[in-house]
**Q** 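To start, I am sharing the structure in question, which I have written as structure tokens.
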Amino acid sequence: MAKTADLLRVSYLAKDARTYFMFQTLVQNMPRAKGFEAFCYSGLGSLSSLYQGCTLLLVDDQSLYVVARANHREGVRYFSTPLSVYQEPDFPLISCYSVINEGKSVDGILPLVNQQGIIGLLIVEGKKGVSLKVNEYLLEALSFGLDNYRLSLVHQAQQSELQRKELALARADEQTAAFSGLLKELHEITIELSKLYSLDELYRHTVEAGTTRLGIDRMAVFIMDTERDMYFGTYGTNEQGEVVDESYFQNNIPNVPFVQEALTRKDYLSVWDDAPILHDTKEIGSGWNAMIALWHGDETIGWIACDNFINHKPLPDYQKEVLILLASTVAQMIMRKQAEEQVMLLNRELELRVRERTTELAQAYRALADANSALQLVSAIDSLTGLANRRAFDERLESEWINALREHSNISLVLIDVDFFKQYNDRFGHPEGDVCLQRISQALKECVNSNKDLVARYGGEEIVLLCPGISAEQTAVLAELCRKKIELLNISHPENGIKERVTISLGHVCIQPVNGMPHKNLICIADQALYHAKQTGRNISVQAEYGQFK
């Protein structure tokens, strides 16, 4: 291989002026970025003026690439990124590979070599009767430039690969840092969850932590009742990402592949991309939905649902792993809280047995017990209506809820509101309003079983009936009986646009409690039914159905 100085010296000895010009251009421009490109334009351009056309090929790993082409019609085309000959179907490939692999001399195909062997080919297309002889110094110059061209391509490829690896490493470092930060947050969240006292607090804190500290747009926790194929809301987020109480929500478990996959695979996050995003079964947008089941042994007890409705960010793999760990933690905490409730039930049963076995001691303290009972009775009675007060109702609801859980029985609640009672007070005065409430309370007490049912003043003109052990149909009959009973009192109420007498609106519900369902679900659903009754005309009773009311 001739050195640059040798080529310059030889160029002065060359008689061909074009050859001299090409050597001079090579020596002056080769160190520059476009030196070889300029040399190709001058050298191949000169060759194409002598012959019909010419093509410069690069041989790399026994493959052929076009570097430059020239003919007297189109001029010179130079490719800064070499073009595979397979995209140019007019090349004599068999002849080219014969020159490369077998060293055969083929007319019009001239090898370009360096110390390692053939690095390129110059294909000259001659006119008929014209000799295809090419100046040997030009071939040597082309070999020199082509070798630099090849090294430049290798360098560019190495630089691109280095940049790609550096970018991948930076991205991996960023994801590792984010994963480490989320794991630290998850550790702190686990400690906080372990210190909570109730399932209600556990559900709320889980959703708050997921949205504010784990980078999730929206999240909700649901509890399942597999025997009835139902699931129930606890806490979730609304369309603005705010944490809200969703204990009113209940529905049938969806029989779709996305849900069934999540509910049958342990430690697995089911993700549905480009899917509808729902809130209370209503579609509000699109994005990814993620769902991971809560397991107790081999039993699914619920799930955590997430989506990217607000920020529309993708769900990276490290965030998926954190959600799987969160679900495992929450499931353990739920079972722990349920176990604590079972312990409370056992303690109460034990207390009952102790009481049964200490009858003689109880008789000795009967007088004191009677006094305490009288005091409790006074503190549990509403002074105006003579009904049980709100405190007595709350205690009785909790007790009946626990009994229904243990006995797998129903519990019903009827929530009653006196229609347009403010207008009644404004018209007749508060003393008459008090008398009206007393008459209504007495009439309602006559409608229930006084031995097991509770009638309580819930607040203002609202009265509630708590009836354990009856069916939904019986609850509906009771509600309608109460409505008619009040209507038949014929208490004049000119401001009531319905029948110009006092009427009531009622919302009622009948539920069989399941573990993990808060007892306030009963009140929430009945209140929604009462609201529906007042919105649809008043003086009616509305029965709540699963999934009907928010």
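Below, all heavy atoms of this structure are taken into account, side chains as well, without hydrogens, waters or symmetry copies.
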**Q** When Phe249 is tested against each of Tyr231, Phe232, Tyr235 for ring-ring contact (aromatic ring centres under 6.0 Å, His included), which residue passes?
**A** Tyr231
**Q** Quick test of your reading of the model: are Asp298 and Lys266 salt-bridged, counting only N-O distances below 4.0 Å?
**A** yes
**Q** If you measure only the distance, is there a donor-acceptor pair under 3.5 Å linking the side chains of Ser198 and Asp200?
**A** no
**Q** Counting only heavy atoms not in Lys313, do more than 12 sit closer than 6.0 Å to its NZ atom?
**A** no
**Q** Decide, yes or no, whether a salt bridge links Glu174 with Arg171 under the criterion of side-chain N to carboxylate O below 4.0 Å.
**A** no
**Q** Ion pair present between Arg204 and Asp245, side-chain N to carboxylate O less than 4.0 angstrom?
**A** no
**Q** Taking all atoms of both residues into account, what is the closest heavy-atom pair of Leu465 and Leu478, and its distance?
**A** CD1-CD2, 4.3 Å
**Q** Are Arg213 and Glu188 ion-paired here, with the side-chain N under 4.0 Å from a carboxylate O?
**A**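 So Arg213 pairs with Glu188 through a salt bridge.
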**Q** Among side-chain atoms of Asn496 and Arg501, is any donor-acceptor pair under 3.5 angstrom?
**A**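 Distance-only check fails for Asn496 and Arg501.
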**Q** So which atom in Leu263 and which in Met224 form the shortest heavy-atom distance, rounded to 0.1 Å?
**A** CD2-SD, 4.0 Å
**Q** Are Glu161 and Arg164 within salt-bridge range, i.e. N to O under 4.0 Å?
**A**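 Salt bridge flag = yes for Arg164 with Glu161.
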**Q** Looking at Glu227, I want to see if its CD is surrounded by more than 12 non-hydrogen atoms of other residues, nucleotides or ligands under 6.0 Å.
**A**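 At most 12 heavy atoms, drawn from other residues, nucleotides or ligands, come within 6.0 Å of this atom.
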**Q** How long is the gap from NZ on Lys195 to NE2 on His205, to the nearest 0.5 Å?
**A** 10.5 Å
**Q** Are Arg457 and Glu462 close enough for a salt bridge, meaning some N to O gap below 4.0 Å?
**A** no
**Q** Under 30°, 30 to 60°, or over 60°: which ring-plane class applies to Tyr424 and His493, parallel, tilted or perpendicular?
**A**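 Perpendicular: the ring planes of Tyr424 and His493 meet at over 60°.
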